[in-house]
Amino acid sequence: MLKDKETVWGNCLKLIKDNINAQSYKTWFDPIQPLKLEDKVLTIQVPSQFFYEWLEEHYVGLLKKALEKELGPGSKLEYNIIVENSGSSKNARAYTINVPTRSSTGRKSNEVGVPMNTNSSIHNPFIIPGLKKLNIDSQLNPNYTFESFIEGDCNRLARSAGFAVANKPGGTAFNPLMLFGGVGLGKTHLAHAIGNRIKEISNNKSVLYVSSERFINQYVESCKNGNNNDFVNFYQLVDVLIVDDVQFFAKKEKTQEIFFQIFNHLHQNGKQLILTSDRAPRDMKDVDERLLSRFKWGLTADLQTPDLDTRISILEHKMYQDGIKLSNEVVEYVAHNIDSNIRELEGALISLLAQASLNRKEIDLELAKKMMKNFVRNASREISIEYIQKLVSDYYTLTVDQLKSKTRKREIVQARQISMYFAKQLTKASLKNIGMHFGGRDHSTVIHACQTVNDLMDTDKKFRSDVDELTKRIKINTY
Ligand code: ADP
Ligand code: MG
């Protein structure tokens, strides 16, 4: 008798359950649905690409064993990945990846996470010089979109400039668009997002993303092969050129010269250039003055470190994309403790999942704290004013903006004063600095707030217990 998909997958799960710990099972196997069984091919639905990769990396042996036990040799597993089309109202799109159960899927990524195309035309870019319309692989990572790029104060200017450029490549004053900022702050993501959007809305534009290292290597290669001109011609044909990490052009005089030529050609022809760098043009050393001045022609927009709220949003978005659920306290704890860059934030989230799987533990605050020690250099961290504002406003179900506002409503004034009091007690910030964080109030307001809180604590029991509770919360989250 033929088995149905539920039975087959149910039996697989039994075997899997016996072989891994309960937490891993819950995290990685509970969310899977059997979709289809045809001959020896079972299709399962997983919540995200991340899930699929994780399963392939960690459980491929087990899955294979279970499936072969059920369906005999030669059985296959296919994955159906739910892709959320965030931002649009379209239904979730699903696509199937045919994956024979083996440890490697044959899909690799290069260092910037762009799926590498094995027969990529850019690998040898000189094969089609003279072609009017370029049909090239843009080398864009489809996951790096505007939809998945969370907006915050830290990136608003860069994001909106990028968006404007994407809607009218070559047609804005932002040419080149120069994005700069420290590591892991989203330069590459944003640059890809612009490219992806251009591809989406203007089908006939050729977009090309290239890392500066790759550009340099291709150039060196072309010199060796004596097809320098083809190299230049090829780049001069694109409509939108994205060059990532141009700081690596420093000291590479010949490459700079060639790039200068390509830059000028594209610019003169109304083509769009998008460049990223880990420092502002004025801080770039060993780059030719002429080229530097070109870099400054358009708009230079920087990406800064994200504030707490943005970090929380980024984590939440990431979890949503990956089909992971974590409690708010864990998310806030992670976001509070990892404040340097977004790549680390994502790394922390993944480590947390891994730890939970390995140690057979729920992902709770305790585990998060233990884990975070590996990430955070000094175990006990300084408390920031913004963190205090967030905790206090949450406690009183207000927003941080209300705390900073001019309003004199009693409950808001009180929450504001308590926040200032904690800022004074628990941070090293000056009175003036604290005042600045609360909508630009002056230092005497902060002194007054501290006095008021001290007075109220002596006279008002309820008030006192509120402050005690808040103290506890702030400390819990900081040690
Ligand atoms: P950079 O190029 O500046 O070093 P990346 O663009 O590689 O940084 O970003 C590092 C990681 O952080 C990537 O996985 C990226 O998707 C993510 N990231 C960066 N900025 C954001 C953002 N605003 N919203 C969501 N994810 C982001
Ligand atoms: Mg980058």
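Every heavy atom of this structure was used, including side-chain atoms; hydrogens, water molecules and symmetry mates were not. In each ligand, atom 1 is the first atom listed, and ligand 1 is the first ligand listed.
Ordered by chain and residue number, the residues placing a heavy atom less than 4.0 Å from ligand 1 are Tyr144, Ser148, Phe149, Ile150, Asn155, Gly182, Val183, Gly184, Leu185, Gly186, Lys187, Thr188, His189, Ile314, Ile342, Arg343, Glu346.
Residue pairs meeting the ring pair (Phe, Tyr, Trp, His ring centres under 6.0 Å) criterion with at least one member in residues 148-167, sequence neighbours excluded: Phe146-Phe163, Phe149-His189.
Residue side and main chain included, Thr188 places an N/O/S atom under 2.8 Å of the Mg ion (ligand 2).
Under the 6.0 Å cut-off for aromatic ring centres, Phe249 and Phe215 qualify, their centroids lying closer than that.
When Arg290, Arg294, Gln236 are each tested for a side chain to side chain donor-acceptor pair (under 3.5 Å) with Asn264, only one passes: Arg294.
Scored by the ring pair (Phe, Tyr, Trp, His ring centres under 6.0 Å) test, Phe422 finds no partners at all (sequence neighbours excluded). By the ring pair (Phe, Tyr, Trp, His ring centres under 6.0 Å) test, Phe180 pairs with no residue at all, sequence neighbours left out.
The aromatic rings of Phe263 and His267 lie parallel to each other, with less than 30° between the two planes, well short of the 60° mark.
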